[in-house]
Amino acid sequence: MIVIKGVAASPGIAIGKAYVVEDEDIVVERVEIGRSKIKDEVRRFKQAQKATLRDLDAAEQKVLKVLGKQHAKLIDAHRLILKDALITSDVPKRIVTEGVNAEFALSEALELVNRQFEKMDDEFFRERRHDLFDVGKRLLLHLMKRQKRSLAEIDHECVLIVRNLLPSDTLGLKETKILGFATDLGGKTSHTAILAQSLEIPAVVGLSDVSRRIKTGDMVILDGEQGMVIINPSSETVAKYQKVQERTAAEDRSLENLKGLPTVTADGRAFRLEVNLDSLEELKNVIALQADGIGLFRTESLFLNRTEAPGEDEQSKVYSAVVKAMDGREVIIRTADIGGDRLPHIGIEGLKSETNPFMGLRGVRLFLRHLDLFKTQLRAVLRSSLKGKVRVMIPMVSSVGEVLATKRLLDQAQAELAAEGVEFKEDIEFGIMVEIPSAAIQLDAFLPHVDFVSIGTNDLIQYVLAVDRVNEHVTHLYDPYHPAVVRLLDHVVQTAHKRGKWVGVCGEMTSDPRAVPLLVGMGVDAMSVSPRMFLRVKQAIRSLKHESMKRLVAKAVVCAESDEIRRLLEQHQ
Ligand code: PEP
Ligand code: MG
């Protein structure tokens, strides 16, 4: 029995056989083909092409089922590549003229095009290389009679072990039978971790070399609470974990009673308790929780796994469906926070190839450079406003200028819609996410221009402490209880309240019942929680006394070290 410690990314326990997805290294050898075999070799290549086309059709069906129509467009792009002259005529030509095997002819042709792509100035075209290689790899695997390991195609119960998982890969796990996943890389508040929580898939990340230490078929226990993986556990350990699973399931069942009850502390202070929505697929679960609203609708999922940005009609349909389903309760639609670890396949100039993407072109910075994308989304949000209570919020704000520029664009979008005779509510509230220290420190200058603020603790912590939220090597420094973080949060809440503006919190700190007493004591107006933790957080708030938590915060903001704050939190329990 071996225990490997990592970072607890998504709660829950998975017990099962490991399925290890290794990085695929394909070595292609040059083989001379005798004149008499050349025709057969060309035929073999054409068969591989047909098999690849069948793969793409099957993948398309899967994507349609799991992710919907818009994401299936990515497959179309791959189909076009497969039909390109590079594949259909250059490769057979090479086989014939050079008298080489199909694998070698294909890899030579790909390499040539790769070099040409690399020289391109246009980022969009340069990045299309990845699609080309994806198709090329599928073809090679068919020629070599090897299987491509697509995560979405895993059809048996298993614990997935993989070096790294991107947010777009994680979305695809929704309809597989994967019980949980463990990765070598990643941090607690990476978007992969957040998606895993939303999809209720237990996950441990940042395990450094777990993908090399575990073999497919090994029995493993993945503990998403403690952040560890146990390889080949003893039968007593398995029994112990099965008991924990049963206990958690029983607790979850008893929490069901809290649905519909108000979120009030034991001494009568009410809080707005809302949920974060990461993709449309989760909407049903979210509605069942009977939350006070959706405090953060992350719209990035509409942009991932596809080659073209979603248009206004498509977006407006999605937003309208969510707003309508919430039946008058608020929905805060956050404009897309693309960039960082959320990179779509859409060709957006300036995106990708950044050495430090979390400091780069992300969120509102990216959209202010691509006003067409930004305005399309704002128009779509406005169009959904008649269906219920919509608020709009922008991510990654670092200066007042960004707020003013966005508001100008919002005005423009409104004027255009009005001129086109499209109806919308003119008075939807506009807010910003406070997740960059400059916005928190200088909040008073932002407040006259906004109706509300929502604190994004995931990013705020990473930027205050200079700790990359996806880097497993600095996870131990990612500390929500750091006195600088606690003080800054309190400063934001008090500053906003002094100026009559309401404050929400929507980062993962709201989903940790141990941290929630601080937010209650600070007197935040709304907390938006990951769906998985919603009822637990409600239970925690209902057991607290607001007045005592205010006193606790008064002590916490003068602590010198996070351990002191942790102790204060433990003592009150
Ligand atoms: C945050 O940064 O806390 C937040 C809610 O935004 P995201 O996690 O989507 O970056
Ligand atoms: Mg953020």
Side-chain angles (χ1 to χ4, degrees), residues 9-10 166-168 170-171 186-199 205 274-279 282 293-304 331-344 357-367 377 391-398 402 431-440 452-471 478-480 482 485 488-489 492-493 503-512 515-516 518-519 524 526-534 537:
S10 173
L166 297 174
S168 49
T170 314
L171 264 179
K188 187 172 175 54
T189 56
S190 65
H191 292 109
T192 294
I194 290 170
L195 273 172
Q197 285 166 34
S198 311
L199 302 174
V205 300
E274 307 184 317
V275 253
N276 292 344
L277 179 74
D278 291 347
S279 71
E282 294 162 44
I294 292 174
L296 168 66
F297 179 7
R298 289 185 169 101
T299 56
E300 299 78 50
S301 66
L302 270 83
F303 291 76
L304 299 176
V331 178
I332 304 185
I333 304 178
R334 179 179 75 181
T335 57
D337 184 359
I338 301 170
D341 59 348
R342 286 182 288 224
L343 295 177
F358 274 105
M359 295 285 189
L361 205 53
R362 196 195 141 184
V364 77
R365 304 170 172 189
L366 179 75
F367 266 22
Q377 186 165 31
R391 289 174 165 149
V392 65
M393 151 168 105
I394 51 172
M396 291 294 292
V397 177
S398 63
E402 289 162 340
I432 54 168
M433 290 202 63
V434 175
E435 51 185 352
I436 294 184
S438 59
F452 68 94
V453 299
S454 183
I455 306 175
T457 53
N458 304 337
D459 280 313
L460 190 60
I461 295 169
Q462 83 161 339
Y463 296 127
V464 167
L465 302 179
V467 175
D468 184 341
R469 66 193 263 195
V470 300
N471 183 341
Y478 188 95
D479 187 359
H482 192 296
V485 171
L488 197 56
L489 290 177
V492 170
V493 179
V503 188
V505 183
C506 61
E508 288 307 294
M509 214 165 150
T510 58
S511 304
D512 183 351
V516 161
L518 287 171
L519 304 177
V524 303
M527 284 174 254
S528 194
V529 181
S530 98
R532 175 93 185 87
M533 296 306 290
F534 179 81
V537 171

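Values below: all heavy atoms of this structure, side chains included; hydrogens, waters and symmetry mates excluded. Indexing begins at 1, ligand by ligand and atom by atom, following the structure's order. Numbering of residues begins at 1 and proceeds along the displayed sequence.
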Practice task
List the steps, then state whether salt bridge (Lys or Arg N to Asp or Glu O under 4.0 Å) holds for R362 with D341.
Solution key: CA-CA 10 Å; R362 196 195 141 184; D341 59 348; over 6 Å; no
May I ask you to decide if [Y]'s main-chain N or O and [X]'s side chain share a donor-acceptor pair within less than 3.5 Å?
| X | Y | answer |
| --- | --- | --- |
| N276 | C506 | yes |
| S530 | S198 | no |
| Q462 | N458 | no |
| S511 | M533 | no |

- [ ] Please report how many protein N/O/S atoms lie under 2.8 Å from the Mg ion (ligand 2).
- [x]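 Excluding waters, the total comes to 2.
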Under 4.0 Å from ligand 1, residues with heavy atoms, in chain and number order, are H191, I194, L296, R298, R334, D337, R342, R362, M433, E435, G456, T457, N458, D459, R469, C506, G507
Problem set entry | D278 and its side chain to side chain contact (heavy atoms under 4.5 Å, CB included) partner, picked from L296, L195, T170, L199 |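 In the set L296, L195, T170, L199, the residue that makes a side chain to side chain contact (heavy atoms under 4.5 Å, CB included) with D278 is L195.
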From the list V467, D468, V485, side chain to side chain contact (heavy atoms under 4.5 Å, CB included) partner of Y478 resolves to V467
Legend entry - D459/R469 ion pair, N-O < 4.0 Å: yes
For T189 and I194 the tightest heavy-atom approach is O-CD1, 3.8 Å
